[in-house]
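The model shown is predicted, which means the values in this text are computed figures rather than measured ones. For the single chain, residues carry numbers from 1 onward in sequence order. In each ligand, atom 1 is the first atom listed, and ligand 1 is the first ligand listed.
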Amino acid sequence: MNDSAKKIIFTVLVGLPTLLVVWIFALYFFSCGADNSCSNNQTPALTPIPTLIAATMPAPKVGAEAAAAAPKCRIAALNLIGAWVSAGYSETEPFSFTDVKNTNCTATFKDDVQALFVTPNLWFDGAPACTTCHHADLAKSQKNMDLSSYAGILAGSNRVGGKPKGDDILGAGNWNEALLHKMLYAPNGKTEIGRPAMPFGRPASVPAEGPVISAGAPANAEAVETPKP
Ligand code: HEC
C-alpha cells in the first residue's frame, strides 16, 4: 500500500466520524439551541394538513331516539280528546286528527291522550291533574270517578260503592253529547251547562278548548318509513 492510499483511508476513517459529530452538534444547536428547548415539549411547526370538511348530514337516529326527535303535531287538548272519542276510544289503536297547521296526524290514547288526565300544570299554570280529584280510590274520589286509567275513564262517573260501571262520560262515542266534553269546553272559564269547568278551579284565561299541546306525529311520517313493495 502506498502513502496516498493510506492518506485516503485515514481521511475516510477519521474525517467521516468527525463530520458526523459536527453535523449532529450543528443540528442540535440550530434547532434546539443551547437551552435544550427541544425537550421542553415544544410543538414543532407542522406542515398544515387540510382538515376534512365536516359532513353536514346529521347521523341517522334510531329507536327511541328517533321517536323523541320525530316532529310532533300541535292541537288543542280538548280537540285531541274529541278526536279520540269520535274514533271509538281505543286504548292502543292510533286515531287520526288534523292539527293546528292542517297536518294529518295520528296519536294514541296511551302515548298522547292519557297525559291530559294525569299531568299537573297542563291545562293551566298550577292546575292539579284530573287524577288529583278523580283517582282510583273510588270512595274518596270526586264523583266516584277514576280518571287515572283507561278502564277507569271508560267505566265513567258516579260509581257509588265502587261499582264497575257508572255513568258514561264519553257520550258513547258522540263527542258533542259527552259529559266529558261539556265539563271541559269552557269559553271564558264557564261551561255551557252551568257546572264548574274542569279542571276544577280553571281560570277564565284558559282557551275554551284548553291549551294547544304537542301530540302524535304527522301521518305521512310513517308512510316514509314503510318500504315500498
Ligand atoms: C280540584 C279537584 C278536581 C280536579 C283537579 C278535576 N275535577 Fe272534575 N270534578 C270535580 C268536582 C268537585 C266535580 C263535581 C262538579 C259539580 O259540582 O258539578 C267534578 C266533576 C267532573 C265531571 C262530571 C262527572 C259527573 O258525572 O257529574 C267530569 C266529567 C270531570 N269532573 C272531569 C274532570 C277532568 C277531565 C279533569 C281534568 C282535566 C278534572 N275533572 C279535574 C273536581 C275536580
Inset, instruction - Do me a favour and list the nearest non-hydrogen protein atom to atom 18 (O) of ligand 1 with residue, atom name and distance? - result: Arg195 NE, 2.8 Å
Legend entry - atom 26 (O) of ligand 1 [closest protein heavy-atom partner, distance rounded to 0.1 Å]: Ser157 OG, 2.5 Å
Inset, instruction - Please answer whether the main-chain N or O of Ala83 pairs with a side-chain N or O of Ser86 as donor and acceptor at a distance below 3.5 Å. - result: no
Inset, instruction - For Pro128 and ligand 1, answer yes if some heavy atom of the residue is under 4.0 Å from a ligand atom, otherwise no. - result: yes
Inset, instruction - Salt-bridge test for Glu91 and Lys110: reply yes if a basic N is under 4.0 Å from a carboxylate O, no otherwise. - result: yes
Inset, instruction - Show your reasoning for whether ring pair (Phe, Tyr, Trp, His ring centres under 6.0 Å) applies to Phe109 and Tyr89. - result: CA-CA 8 Å; Phe109 170 81; Tyr89 47 89; 9.9 Å; no
Inset, instruction - Within a distance under 4.0 Å of any heavy atom of Asn158, pick out the atoms of ligand 1 and give their elements. - result: 26 (O)
Inset, instruction - Return yes if some donor-acceptor pair links the side-chain N/O of Asp99 with the main-chain N/O of Arg74 below 3.5 Å, else return no. - result: yes
Inset, instruction - Indicate yes or no: does an N/O atom of Trp123 lie under 3.5 Å from an N/O atom of ligand 1? - result: no
Legend entry - Main-chain N/O of Gln142 paired with His134 side-chain donor or acceptor, under 3.5 Å: yes
Inset, instruction - Please state whether Leu180 comes within less than 4.0 angstrom of ligand 1, counting heavy atoms only. - result: yes
Legend entry - Exam field: side chain Ser141 to backbone Asn144, donor-acceptor pair closer than 3.5 Å: no
Inset, instruction - Using the six-membered ring wherever Trp is involved, compare the ring planes of Phe97 and Phe95 and label them parallel, tilted or perpendicular (cut-offs 30° and 60°). - result: tilted
Legend entry - Protein N, O or S atoms lying under 2.8 Å from atom 8 (Fe) of ligand 1, listed by chain and number: His134 NE2, Met198 SD
Inset, instruction - For Ala129, counting its heavy atoms only, list the atoms of ligand 1 lying under 4.0 Å from any of them. - result: 5 (C)
Inset, instruction - Determine yes or no for a side-chain-to-main-chain donor-acceptor pair under 3.5 angstrom, with Trp123 supplying the side chain and Leu116 the backbone. - result: yes
Legend entry - Counterpart residues, side-chain contact (heavy atoms from CB on, under 4.5 Å), relative to Pro203 (two or more places apart): Phe124, Ser205, Val206
Inset, instruction - State, with a plain yes or no, whether a side-chain heavy atom of Met145 is found less than 4.5 Å away from one of Leu147. - result: yes
Inset, instruction - Just jot down the ligand 1 atoms closer than 4.0 angstrom to any heavy atom of Leu179, in number order. - result: 23 (C), 24 (C), 25 (C), 26 (O), 27 (O)
